[in-house]
A.B. asks: 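Following this message is one structure expressed as structure tokens.
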Amino acid sequence: PHDCLPHLCGNPPVVEFAQCDAKGVDIYFDDAPVTYTCNEGYSLDGVYGGPIETQITCLANESFSWPPVCHPVQCGAVPYVAQATFPAGTELVYLEVVDYTCKEGYSTDQKYGKTAQARKANTEFSAECQADGTYTQPQECLPIICEQVPDQPHVVTNMVGIELPYPEGLSQTCEAGFALLADDHG
């Protein structure tokens, strides 16, 4: 007598961003299908809440049916941040990051950094596409607040002792009998 044995397909293929319920196990033609589950932040269609589980089988020709592809979840267009430069309209997927830079006169803490490093720290930030298809909350670009306008002798101003937000200005004139430029003293 001869035994008819099922064909051997071998170990199921490794699928990027997925876990297999039969990792390292030899699979034969008559075995149950092998189940793959996409990792967090991935789905079969790239949509959060979309299908994450699928199966493959060992075929009679000793190969596996087509293995799944787990796509990163899409987050859609990057969040808009007023007074910042960023790649508007760009669409990102899980773990991708968008960088923002505040426009001149704006920062995340309303202060002007005294050094290049400090200016970079309070004007550059990012948002990341998360596993649930949303972005981390980006910071805001707020107008820099200038220090209080000092009281100056013989100067008339409309803003003494007030902090001034960018891009507002102030008006200052000299009292009668005083001039701003040395040439005007003539």
A.B. asks: Where do Asn11 and Asp26 land on the side chain to side chain contact (heavy atoms under 4.5 Å, CB included) test, with the steps shown first?
C.D. replies: CA-CA 5 Å; Asn11 289 324; Asp26 279 338; 3.6 Å; yes
A.B. asks: Given 3.5 Å as the limit, does a donor-acceptor pair link the side chain of Asp3 with the main chain of Leu5, or not?
C.D. replies: no
A.B. asks: May I ask you to test the Val73-Val93 pair for a side-chain heavy-atom distance under 4.5 Å?
C.D. replies: no
A.B. asks: Do Val69 and Val15 have side chains that approach each other closer than 4.5 Å (heavy atoms only, starting at C-beta)?
C.D. replies: no
A.B. asks: In terms of heavy-atom contacts, does CD of Gln172 have more than 12 from other residues, nucleotides or ligands at under 6.0 Å?
C.D. replies: yes
A.B. asks: What do you reckon, is CD of Glu62 surrounded by more than 12 foreign heavy atoms closer than 6.0 Å?
C.D. replies: yes
A.B. asks: If you look at every heavy atom in Phe64 and Pro13, which pair is closest and at what distance?
C.D. replies: CD1-CD, 3.8 Å
A.B. asks: Taking C-beta and beyond as the side chain, do Asp99 and Thr101 meet within less than 4.5 Å on heavy atoms?
C.D. replies: no
A.B. asks: Nearest 0.5 Å, what's the CD1-CG distance between Ile144 and Asn122?
C.D. replies: 6.5 Å
A.B. asks: Do other residues, nucleotides or ligands put more than 12 heavy atoms under 6.0 Å from the CD atom of Glu140?
C.D. replies: no
A.B. asks: Is any side-chain heavy atom of Pro79 closer than 4.5 Å to one of Tyr100?
C.D. replies: yes
A.B. asks: Report all side-chain donor-acceptor pairs from residues 123-131 shorter than 3.5 Å, counting only partners two or more places apart or in another chain.
C.D. replies:
{"residue": "Thr123", "atom": "OG1", "partner": "Arg119", "partner atom": "O", "Å": "2.5"}
{"residue": "Gln130", "atom": "NE2", "partner": "Thr134", "partner atom": "OG1", "Å": "3.0"}
{"residue": "Gln130", "atom": "NE2", "partner": "Tyr135", "partner atom": "O", "Å": "3.4"}

A.B. asks: Quick check: do Cys9 and Tyr28 have side-chain heavy atoms less than 4.5 Å from each other?
C.D. replies: no
A.B. asks: Contact between Cys75 and Asp132 at the side-chain level, heavy atoms closer than 4.5 Å - yes or no?
C.D. replies: no
A.B. asks: Can you tell me how the ring of Tyr94 sits relative to the ring of Tyr42, calling it parallel under 30°, perpendicular over 60° and tilted otherwise?
C.D. replies: perpendicular
A.B. asks: Any idea which heavy atoms bring Asp45 and Pro51 closest together, and the distance?
C.D. replies: OD2-CD, 3.5 Å
A.B. asks: Look up atom CG in Asn39 and atom CD in Glu16, then write down how far apart they are to the nearest 0.5 Å.
C.D. replies: 9.5 Å
A.B. asks: Main chain of Thr57, side chain of Ser65: is a donor-acceptor contact present, judged purely on distance under 3.5 Å?
C.D. replies: yes
A.B. asks: State whether the side chain of Gln83 and the backbone N or O of Tyr106 hold a donor-acceptor pair below 3.5 Å, judged by distance alone.
C.D. replies: no
A.B. asks: Over all heavy atoms of both residues, which pair between Ala84 and Cys141 is shortest? Give the atoms and the distance, please.
C.D. replies: CB-SG, 3.7 Å
A.B. asks: Are His154 and Phe178 close enough that their ring centers fall under 6.0 Å?
C.D. replies: yes
A.B. asks: For Glu175, I'd like to know if atom CD has over 12 heavy atoms of other residues, nucleotides or ligands within 6.0 Å.
C.D. replies: yes
A.B. asks: Does some side-chain heavy atom of Pro12 sit less than 4.5 Å from a side-chain heavy atom of Tyr36?
C.D. replies: yes
A.B. asks: Mind checking the SG-CG spacing from Cys4 to Asp30? Nearest 0.5 Å is all I need.
C.D. replies: 12.0 Å
